[in-house]
Number of protein chains: 2
Amino acid sequence: MTRLVQRILPSPLGPLRLVASDLALVGIYFPEHRPAPAHAGEDAEHPPVLDLAARELDEYFAGRRRRFTVALDPRGTEFQRAVWRALAAIEFGEQRSYADLARQIGQPTAVRAVGAANGRNPLSIVLPCHRVVASSGALTGYAGGLAAKQWLLAHEQRLAGA
Amino acid sequence: MTRLVQRILPSPLGPLRLVASDLALVGIYFPEHRPAPAHAGEDAEHPPVLDLAARELDEYFAGRRRRFTVALDPRGTEFQRAVWRALAAIEFGEQRSYADLARQIGQPTAVRAVGAANGRNPLSIVLPCHRVVASSGALTGYAGGLAAKQWLLAHEQRLAGA
DNA sequence: GGCCGTCTCGCCGTTTTCGGACGTCGCCGC
DNA sequence: GCGGCGACGTCCGAAAACGGCGAGACGGCC
């Protein structure tokens with residue numbers, strides 16, 4: 001029940017809205033995020049975690065960071081958190097299918113539910129839901145729009161080779 | 001979403017639990033309150049509003065206060081807040097029926113629902129749900145027990161005449 | 001014969017909807 | 001008095017709808 005504060009961070013994908021509690025990052029949202037996230041409190045004072053998140057994201061976009069260290073507190077159901085935990089294990093530049101994730105959390109048939117949980121990921125980019133594509137390899141959806149997903153994958157692809 | 005703090009206040013009706021946010025009083029609960037209210041946070045620091053509430057309640061029980069000035073923030077559905085607003089208009093020593101209240105909020109047939117809303121009143125005493133009785137004049141129910149309701153009415157009756 | 005697109009259907013957690021039950025009642029008969 | 005019934009917002013549980021899917025079946029097209 002701690003207060004939430006937010007901060008807007010410019011990025012190549014448009015202004016990102018970072019939301020944090022006193023202790024951890026709680027959300028990263030695109031300008032036209034879908035589904036629209038709940039409104040956060042005013043940004044009176046910036047807790048340190050918010051500044052750290054902004055710095056790491058800047059580095060990520062600049063190609064100088066592949067993993068994030070900022071404390072996270074993704075809020076959701078038990079199942080969703082399990083999916084998001086699995087997300088965190090996908091390395092920079094890699095890709096997985098929704099079926100892969102389902103297997104990984106021990107519920108190989110819950111493919112569709114994994115897709116839904118993926119769509120509710122509150123920590124875009126940091127929890128790399130953009131690295132999950134259909135088994136066929138097709139891009140299927142993204143909270144920030146498919147263009148953003150494609151941009152992120154290309155960005156990582158470019159750097160992964162180097 | 002501000003933090004809630006609480007404080008116990010001794011009274012002729014037993015220890016009352018006062019709950020407040022930074023800005024306003026949110027709840028007043030009897031020892032055996034029904035339905036049981038949600039648990040509040042720890043009482044680390046007392047916001048001014050909590051002390052003011054305690055003082056005014058003391059004065060009320062001592063017979064030196066008939067109206068409260070402490071800021072209130074009763075949380076509930078729109079309908080409930082409408083009922084509670086109507087409650088606040090009942091003067092010290094007066095009594096109304098549930099049907100009266102229903103008429104007052106413009107939903108004369110929602111008598112039973114008014115009763116239910118009354119039962120969910122989070123601010124006992126300050127929002128005087130004890131001044132509402134059946135059309136027949138009978139005492140019908142009270143979160144703090146019928147004895148408490150009777151005590152409050154008698155208390156006000158005694159002073160109203162003076 | 002391969003190689004796609006398209007369709008259909010089963011999968012499953014979450015969300016939304018729906019229906020019934022439950023009150024701090026009041027009115028009408030008896 | 002007492003019993004019965006109607007009133008209506010809430011709560012709660014059940015049921016249905018809804019997705020950022022995947023596998024298999026078809027039908028075209030080289």
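The sequence lines fix the lettering, A, B, ..., with proteins before strands; numbering per chain opens at 1.
As rounded to whole Å, 12 Å separates atom C1' of D/dG9 from atom CD of B/Glu78. One interatomic measurement links the two molecules: CD of B/Gln80 to C1' of C/dG23, which rounds to 12 Å at whole-angstrom precision. The distance from atom CZ of B/Arg103 to atom C1' of C/dC27 is 12 Å, rounded to the nearest whole Å. If you take CD1 of B/Ile105 and P of D/dA7, they are 17 Å apart, rounded to a whole angstrom. The distance between atom CG of A/Leu152 and atom C1' of D/dG20, rounded to the nearest whole Å, is 15 Å. As a whole-Å value, the separation of A/Asn121 CG from D/dG19 P is 18 Å. One interatomic measurement links the two molecules: CG of A/Leu101 to P of D/dG20, which rounds to 15 Å at whole-angstrom precision. One interatomic measurement links the two molecules: CH2 of A/Trp84 to P of C/dG13, which rounds to 15 Å at whole-angstrom precision.
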Give every pair of a protein N or O atom and an N or O atom of nucleotides 1-10 of chain C that lie under 3.5 Å apart, one pair per line with the distance.
unit_1, atom_1, unit_2, atom_2, d
C/dG10, O6, A/Arg112, NH1, 3.4

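Residue B/Ser135 has its side chain nearest to C/dC27 when only C/dC27, D/dC8, D/dG20 are considered. Minimum atom distance to the side chain of A/Ala113 is reached by C/dG13, of the listed C/dG23, C/dT15, C/dG13. The side chain of A/Val111 lies closest to D/dG22, out of D/dG22, D/dG20, D/dC8. Which of D/dG19, C/dC12, D/dC21 sits closest to the side chain of A/Thr109 comes down to C/dC12.
There is no side-chain donor-acceptor pair under 3.5 Å between B/Gln95 and B/Arg131. A donor-acceptor pair shorter than 3.5 Å cannot be found between the side chains of A/Tyr29 and A/Gln6. Residues B/Ser124 and B/Tyr142 bring no donor and acceptor atom of their side chains to less than 3.5 Å of each other.
For the side-chain contact (heavy atoms from CB on, under 4.5 Å) with B/Leu87, the qualifying choice from B/Val126, B/Val114, B/Leu123, B/Leu127 is B/Leu127, the only one to do so.
A donor-acceptor pair is defined here as one N or O able to donate and one able to accept, closer than 3.5 Å; such a pair exists between the side chain of B/Arg81 and the backbone of B/Gly76. Between the side chain of B/Lys149 and the backbone N or O of B/Cys129 there is no donor-acceptor pair closer than 3.5 Å.
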- Query: Under a 3.5 Å cutoff on both atom distances, Watson-Crick or G-U, what's the dot-bracket for DNA chain D ([ ] crossing, | other strand)?
  - Reply: ||||||.||||||||||||.||||||||||
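Inter-residue side-chain proximity for A/Val5 and A/Pro47 is flagged as met; some heavy-atom pair is nearer than 4.5 Å. Side-chain contact between A/Arg103 and A/Asp100 is present, with heavy atoms from C-beta onward closer than 4.5 Å. Under the 4.5 Å side-chain criterion, counting only non-hydrogen atoms from C-beta, B/Leu13 is in contact with B/Leu152.
B/Val114 comes within 4.0 angstrom of nothing in the nucleic acid, heavy atoms only.
Counting atom types as modelled, A/Tyr98 pairs a side-chain N or O with a base atom of D/dG20 as donor and acceptor under 3.5 Å.
Map B/Ser97 and B/Ala116 each onto its nearest nucleotide of DNA chain C; the residue landing nearer the 5' end is B/Ala116. Residue A/Phe79 is the one, among A/Phe79 and B/Ala143, whose nearest nucleotide of DNA chain C lies closer to the 5' end (criterion: closest heavy atom).
Using the six-membered ring where Trp is involved, A/Tyr60 and A/His130 have ring planes that are perpendicular, over 60° apart on the 30 and 60° scheme.
Contact annotation: A/Arg34 side-chain N/O to D/dG20 OP1/OP2 distance is not under 4.0 Å.
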